[in-house]
Amino acid sequence: QKEVEQDPGPLSVPEGAIVSLNCTYSNSAFQYFMWYRQYSRKGPELLMYTYSSGNKEDGRFTAQVDKSSKYISLFIRDSQPSDSATYLCAMTSYTGNQFYFGTGTSLTVIP
Amino acid sequence: EAGVAQSPRYKIIEKRQSVAFWCNPISGHATLYWYQQILGQGPKLLIQFQNNGVVDDSQLPKDRFSAERLKGVDSTLKIQPAKLEDSAVYLCASSRGNSMGEKLFFGSGTQLSVL
């Protein structure tokens, strides 16, 4: 079983839609959860960073962590064409500096 | 704050040739990572340095890949000889390395095409 599983997509939505991106994981030691946005031919850019369970909001983006279900989500409200990218989830444990990545979900927002 | 710098951005070589990539991490970041990202996949860790020591190189194909981080700052990753399946984006990343709520920051990557 992979440490982190992520829906690969591709996902195509109309502009203004709410987008939900998800990852599941198997290691209960993971405490820190990240979402990266990766545009074509660019390196991943840290988008959201959360600790333990709960929600974190930043503008149109909300990161949600449910540790009991080992499930994390990224919601994008009022999606824009500029949100078209691949979204990677990543996580690490409290004491480690090893990061575990999902395979990425490709998102296209159609104007 | 300057980000992670990588060069070159693109490289095209023929199989069996050698190639080297360079990385300069964010100032003060003790941990440096090299990842390989094949199209449509997540980053795969090749090697992780803490200062100038290797923490994890279990997935580095040591018969052809080598990496060093002299003086605990810049790093180079070398492939010799290259194979077709080495075509990928090579990402360098860095983190503070204090093991408490680490954040990982990436460079723009080097896109390698092996023909």
Side-chain angles (χ1 to χ4, degrees), chain A residues 2-11 21-25 29-52 54 56 58 63 65 72 74 85-108, chain B residues 1 3-11 21 23 25-26 29-51 53-59 88-113:
Chain A
K2 287 185 178 179
E3 298 269 9
V4 180
E5 300 274 2
Q6 183 173 6
D7 294 336
L11 194 58
L21 305 167
N22 310 295
C23 288
T24 58
Y25 62 96
F30 291 149
Q31 294 280 349
Y32 298 92
F33 304 91
M34 290 141 276
W35 286 96
Y36 287 85
R37 178 175 61 195
Q38 186 173 24
Y39 291 116
S40 181
R41 302 181 184 276
K42 296 283 189 180
E45 167 197 12
L46 183 60
L47 192 60
M48 297 289 282
Y49 179 86
T50 54
Y51 168 66
S52 196
K56 182 176 181 179
D58 184 0
V65 176
I72 68 170
L74 177 70
T86 295
Y87 291 80
L88 293 159
C89 64
M91 46 201 78
T92 187
S93 63
Y94 182 71
T95 57
N97 57 0
Q98 291 181 320
F99 294 82
Y100 297 86
F101 286 87
T103 52
T105 301
S106 175
L107 171 68
T108 300
Chain B
E1 179 179 68
V4 177
Q6 284 190 251
S7 68
R9 286 285 285 121
Y10 305 95
K11 193 73 178 179
F21 313 125
C23 173
I26 292 173
H29 280 197
T31 309
L32 185 147
Y33 311 75
W34 283 103
Y35 287 90
Q36 180 192 59
Q37 188 177 26
I38 292 172
L39 189 65
Q41 298 183 18
K44 169 191 165 186
L45 180 67
L46 292 175
I47 189 166
Q48 178 182 339
F49 292 94
Q50 180 78 11
N51 296 308
V54 175
V55 174
D56 184 355
D57 64 356
S58 57
Q59 298 194 83
V89 176
Y90 290 85
L91 295 164
C92 180
S94 70
S95 66
R96 290 194 183 278
N98 59 11
S99 299
M100 297 284 286
E102 295 282 351
K103 292 183 181 180
L104 190 64
F105 296 92
F106 285 90
S108 292
T110 297
Q111 183 161 351
L112 174 67
S113 296

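Below, all heavy atoms of this structure are taken into account, side chains as well, without hydrogens, waters or symmetry copies. No experiment lies behind these values; they were computed from the predicted model shown. Naming convention: chains lettered A, B, ... in sequence-line order (proteins, then strands); numbering from 1 in each chain.
- Put simply, of Cys89(A), Ser106(A), Pro44(A), the one with the most heavy-atom pairs under 4.5 Å next to chain B is Pro44(A).
- Distance CZ/Arg41(A) to CD/Gln111(B): 4.5 Å, rounded to 0.5 Å.
- With a threshold of 4.5 angstrom between heavy atoms, Leu104(B) approaches chain A through its backbone and through its side chain.
- Checking each of Phe101(A), Phe99(A), Tyr100(A) against Tyr35(B) for a ring-ring contact (aromatic ring centres under 6.0 Å, His included) leaves exactly one that passes, namely Phe101(A).
- Neither the backbone nor the side chain of Gln6(B) comes within contact range of chain A; no heavy atom of the residue lies under 4.5 Å from a heavy atom of that chain.
- For chain A, the nearby part of Gln41(B) is the backbone; its heavy atoms alone come within less than 4.5 Å.
- Of the two parts of Glu45(A), neither the backbone nor the side chain holds a non-hydrogen atom closer than 4.5 Å to a non-hydrogen atom of chain B.
- Note that OG1 of Thr103(A) is 10.5 Å distant from CD of Gln37(B), once rounded to the nearest 0.5 Å.
- Nearest heavy-atom pair, Leu88(A) versus Gly42(B), reported as atom, atom and distance to 0.1 Å: CD2-CA, 4.0 Å.
- If you take CZ on Phe106(B) and OH on Tyr36(A), they are separated by 5.5 Å, rounding to the nearest 0.5 Å.
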